[in-house]
Undergrad: 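My structure is below; once you've seen it, I'll send some questions.
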Amino acid sequence: MCTAVLPMLLTVTLCLLTVTPARGDDDLTSLELFNGAEGELVSATRSPRPASQTAENITVVTGDEIAALNAHTLPDILYAVTGIQLETNRTPGTSTNIEIQGSDFDHVLVLVDNVPINNLSDNFPDLSSIPARIIDRIEIVKGAASSSWGSSLGGVINVITKLPQQDRPIDGTVSASYGTRDTVDGRVEVTGTVDRFGYYLTGGKLRSDGLRRNNQSDLESLYGKLRYELPVRGALTLSTLYTARASGMFSVPGGGGSPSVDVSDRNRELISSLALLLPLDNRFVLDASLRTRQSNAEMVGRIGLPSGPLQQTTQEDDDSTGGSLKVSWQGGWQLIVAGMDYDHVKVALRSGQFPGEEVRSADRRGVYLNDTFTVGNVAITPSARFDWTGFGGNRFSPSFGITYALTENSLVRGYTARGYSLTSLNRADSTEKVWTSQVGFESGDVPYLWLKATLFRNDTWDVLTNEAPVIKKRQLKHGAEFELRTVPVYNTSFTTGYTYIRSNEAGTVLQSVPRHTLKLGVHYRDPSRLQAQLVGNYIDWQGGQGRSNGILWDLHLSKTFEYSEFGSIELFGSVRNIFDNKQYVLDFYENAGRWAEVGVRCHF
């Protein structure tokens with residue numbers, strides 16, 4: 001494996017070193033922390049702080065980066081993020097498992113406008129049901145974040161949706177694309193603000209005949225956000241996302257006496273939140289919200305037997321209703337955030353193989369306190385949370401972080417935390433625990449470069465096996481992450497990220513845990529609004545049934561034409577997996593081969 005990865009890393013390094021250290025058309029000579037302004041606040045910790053005071057390992061994906069990818073759904077965006085591994089990335093709109101630093105998929109908490117979307121039967125977050133066009137920004141916490149969010153052993157992905165356009169009463173976009181296997185994506189967006197009232201409304205449909213056998217997709221979505229600016233200060237925001245998805249998951253051909261198997265799923269989901277942000281004075285801010293998530297999912301398996309086809313269906317109704325209350329106090333050198341969460345959750349399972357309905361419900365409560373002391377160049381962040389999970393025992397989750405600013409644009413950080421995940425509402429003993437420790441360095445002081453390096457250690461215990469009888473085991477996953485990007489020179493910039501994970505369980509190397517993950521990017525954007533992005537992704541799945549046959553390269557192009565009286569028209573196209581390489585963790589989840597699409601966006 002090393003013989004394959006090292007030449008790639010060397011090639012990338014040489015490319016970066018040969019970048020001419022001279023100014024192009026761009027004014028920037030350094031990149032700031034988190035790829036944004038120094039004072040930009042990161043809210044995924046529930047304690048909004050600037051980068052210089054954030055000890056957690058966080059990656060922020062901005063709106064501009066999302067727009068340049070020609071993404072259809074959330075997995076198309078996360079695909080390019082360092083430290084994240086997608087087990088499959090096939091037909092847009094079909095199921096995808098996600099890992100952060102090699103965690104299991106049910107260890108990652110995914111939020112949309114602070115509403116958890118993980119289901120209750122196996123804690124699976126359905127990333128593919130989230131349209132990319134509604135996303136304004138994504139914040140990713142790598143490692144346990146239970147001191148803020150409760151069940152989140154492997155990390156948190158916080159999806160922040162778009163706000164209404166504030167400068168005009170009406171603004172909008174109509175977009176459509178067409179690609180291989182009749183892969184079609186159409187969407188209409190309308191947004192604006194009148195006086196204190198803002199709105200963002202969008203609807204779309206994504207469908208495909210499937211880039212793999214029994215991997216077709218049909219995703220319909222409606223999303224709306226209404227925002228009212230209060231007369232004095234603060235705002236009231238109502239947002240709702242409805243999705244209906246039908247897709248093929250995988251197919252196992254029969255032969256040699258073995259029956260064929262085709263598995264598909266259908267899902268309808270409604271996510272709503274009502275949030276109040278109310279500054280009480282210059283120091284106190286009250287943040288309150290109500291939320292609900294209602295989901296109906298059905299999985300259908302068709303088994304081809306010599307005696308005739310056999311169909312098995314499993315249905316799941318998955319509902320949660322709750323709210324949060326948070327108070328923040330900002331002093332001269334201290335930020336205190338205290339809050340509480342409550343959710344009533346309920347899941348009902350029905351299986352064709354085992355007639356009848358199995359119902360489980362629970363009341364989840366949690367209280368947390370985050371504190372940040374800033375003294376000179378040092379920021380210290382002790383945090384703690386206590387959860388009454390209702391079925392998985394009571395959990396205490398402390399964390400401690402510290403940052404030291406070496407300069408205005410360089411810092412070292414350290415973070416350690418105890419976390420847990422409730423992997424299933426149907427099994428009271430399914431709680432898995434972890435100690436996460438991370439140490440990192442980040443700098444934008446090197447001319448023309450931004451650098452970030454992190455060492456991590458995730459010690460997880462009470463991990464449930466898929467064997468019968470179920471056994472609880474201890475796993476250790478530790479390694480390193482490196483990220484590097486350049487400033488644009490002659491409108492061109494480079495990015496790379498590399499993650500190394502060493503994993504074992506009772507002294508045995510874990511199979512299908514990604515040992516090497518490499519992300520590469522070349523980005524071009526000129527003043528005439530021509531954009532080109534070449535994105536590379538490589539994962540070594542380390543044994544098992546998987547394959548890791550070279551880097552998957554995706555090319556995205558777009559050109560925008562401005563018309564002052566009408567708006568603008570953007571033509572775009574993408575070619576994905578250009579060299580038709582193989583990269584997957586299980587053979588029946590084989591990745592999509594080379595495919596292409598073209599499209600247009602009309603902004604008015």
Side-chain angles (χ1 to χ4, degrees), residues 44-46 55-57 83 98-111 116 118-125 141-157 341 343 345 360 362 364-370 381-401 414-439 455-467 469-479 501-508 510 513:
T45 60
R46 307 192 84 166
E56 293 87 346
N57 181 9
I98 189 170
E99 301 178 2
I100 296 180
Q101 294 177 342
S103 71
D104 292 337
F105 72 86
D106 55 1
H107 292 162
V108 180
L109 175 66
V110 180
L111 306 151
N118 298 61
N119 69 16
L120 300 171
S121 60
D122 54 9
N123 212 33
F124 170 72
V141 182
K142 301 170 188 173
S146 296
S147 62
S148 295
W149 295 101
S151 177
S152 53
L153 185 157
V156 171
I157 296 173
D341 299 317
D343 288 285
V345 298
R360 293 285 187 278
R364 296 176 175 175
R365 290 167 288 154
V367 293
Y368 60 91
L369 178 65
N370 299 339
T381 310
S383 302
R385 177 178 172 115
F386 192 86
D387 284 288
W388 296 265
T389 68
F391 66 99
N394 300 333
R395 299 296 163 201
F396 177 62
S397 307
S399 69
F400 180 81
Y415 176 75
T416 187
R418 190 178 193 273
Y420 73 95
S421 274
L422 302 168
T423 57
S424 174
L425 184 60
N426 302 299
R427 299 165 64 181
D429 63 347
S430 71
T431 307
E432 301 177 351
K433 299 97 176 177
V434 69
W435 261 111
T436 294
S437 297
Q438 310 220 6
V439 178
L455 301 176
F456 61 87
R457 184 180 191 276
N458 299 321
D459 185 358
T460 311
W461 66 97
D462 288 346
V463 179
L464 302 177
T465 66
N466 294 322
E467 305 162 352
V470 174
I471 300 173
K472 294 183 177 180
K473 294 187 175 181
R474 188 164 196 143
Q475 297 179 348
L476 178 63
K477 298 172 184 174
H478 55 112
I501 302 172
R502 184 175 183 180
S503 61
N504 67 74
E505 182 181 85
T508 303
L510 284 166
V513 174

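It should be emphasised that the depicted structure is a prediction, and the values quoted were computed from it without experimental measurement.
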Undergrad: What residues form a side-chain hydrogen bond (donor to acceptor under 3.5 Å, both in side chains) with N504, not counting sequence neighbours?
TA: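 Applying side-chain hydrogen bond (donor to acceptor under 3.5 Å, both in side chains) to N504 gives none.
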Undergrad: Given 3.5 Å as the limit, does a donor-acceptor pair link the side chain of K477 with the main chain of D459, or not?
TA: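 Between the backbone of D459 and the side chain of K477 there is no qualifying donor-acceptor contact (under 3.5 Å).
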Undergrad: Under the rule for side-chain contact (heavy atoms from CB on, under 4.5 Å), what residues qualify as partners of V345, not counting sequence neighbours?
TA: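 Once residues adjacent in sequence are excluded, the partners of V345 under the side-chain contact (heavy atoms from CB on, under 4.5 Å) criterion are L120, S320, D343, A362, R364, L425.
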Undergrad: Treating N118 as the side-chain partner and V110 as the backbone partner, does any N or O pair qualify as donor plus acceptor under 3.5 Å?
TA: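 Side chain of N118 to backbone of V110: a pair is present.
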Undergrad: Just how far is it from atom CD of E505 to atom CG of L476, taken to the nearest 0.5 Å?
TA: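 The CD atom of E505 sits 11.0 Å away from the CG atom of L476.
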Undergrad: Just by modelled atom types, is the L109 backbone N or O under 3.5 Å from a matching donor or acceptor in the S152 side chain?
TA: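 No, S152 side chain to L109 backbone: no donor-acceptor pair under 3.5 Å.
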Undergrad: Output yes when a side-chain donor or acceptor of Q438 lies under 3.5 Å from a complementary backbone atom of A55, and no otherwise.
TA: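 Answer holds: no.
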Undergrad: S437: which residues meet the side-chain hydrogen bond (donor to acceptor under 3.5 Å, both in side chains) condition with it, sequence neighbours left out?
TA: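 Per chain and number, S437 pairs via side-chain hydrogen bond (donor to acceptor under 3.5 Å, both in side chains) with T416.
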Undergrad: Could I get the full list of side-chain hydrogen bond (donor to acceptor under 3.5 Å, both in side chains) partners for D106, not counting sequence neighbours?
TA: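 Not a single residue meets the side-chain hydrogen bond (donor to acceptor under 3.5 Å, both in side chains) criterion with D106.
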Undergrad: I'd like to know whether CZ of R360 has more than 12 heavy-atom contacts from other residues, nucleotides or ligands below 6.0 angstrom.
TA: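 Yes, CZ of R360 has more than 12 neighbouring heavy atoms, counting only those of other groups under 6.0 Å.
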Undergrad: With sequence neighbours excluded, what pairs up with F124 under the ring pair (Phe, Tyr, Trp, His ring centres under 6.0 Å) test?
TA: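 F124: ring pair (Phe, Tyr, Trp, His ring centres under 6.0 Å) contacts with F105.
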Undergrad: Rounded to the nearest 0.5 Å, what separates atom NE2 in H107 from atom CG in N123?
TA: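 H107 NE2 to N123 CG: 8.5 Å, rounded to 0.5 Å.
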Undergrad: Just jot down the side-chain contact (heavy atoms from CB on, under 4.5 Å) partners of S397, sequence neighbours excluded, or say none.
TA: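 By the side-chain contact (heavy atoms from CB on, under 4.5 Å) rule, S397 matches S146, Y420.
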Undergrad: side-chain contact (heavy atoms from CB on, under 4.5 Å) with S148: which residues, sequence neighbours excluded?
TA: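 Result, side-chain contact (heavy atoms from CB on, under 4.5 Å) vs S148: R46, N370.
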Undergrad: What residues form a salt bridge (Lys or Arg N to Asp or Glu O under 4.0 Å) with R395, not counting sequence neighbours?
TA: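 If we apply the salt bridge (Lys or Arg N to Asp or Glu O under 4.0 Å) test to R395, skipping adjacent residues, there are no hits.
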Undergrad: Just jot down the side-chain hydrogen bond (donor to acceptor under 3.5 Å, both in side chains) partners of R365, sequence neighbours excluded, or say none.
TA: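 Testing R365 for side-chain hydrogen bond (donor to acceptor under 3.5 Å, both in side chains), a comparison that skips the adjacent residues, returns none.
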Undergrad: Just verifying a value: how many Å separate T460 OG1 and L153 CG, rounded to the nearest 0.5 Å?
TA: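 Going from the OG1 atom of T460 to the CG atom of L153 covers 5.0 Å.
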Undergrad: Do S430 side-chain atoms and S424 backbone N/O form a donor-acceptor pair below 3.5 Å?
TA: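 At least one qualifying donor-acceptor pair exists.
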Undergrad: Distance from T389 atom OG1 to N394 atom CG, nearest 0.5 Å?
TA: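 Going from OG1 on T389 over to CG on N394, the span is 6.5 Å.
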Undergrad: Using the side-chain contact (heavy atoms from CB on, under 4.5 Å) criterion, which residues pair with F396? Sequence neighbours excluded.
TA: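 F396 satisfies side-chain contact (heavy atoms from CB on, under 4.5 Å) with A384, F386, P398 once adjacent residues are dropped.
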Undergrad: Mind checking salt bridge (Lys or Arg N to Asp or Glu O under 4.0 Å) for K433 and listing every partner two or more places apart, or none if nothing turns up?
TA: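 Applying salt bridge (Lys or Arg N to Asp or Glu O under 4.0 Å) to K433 gives D462.
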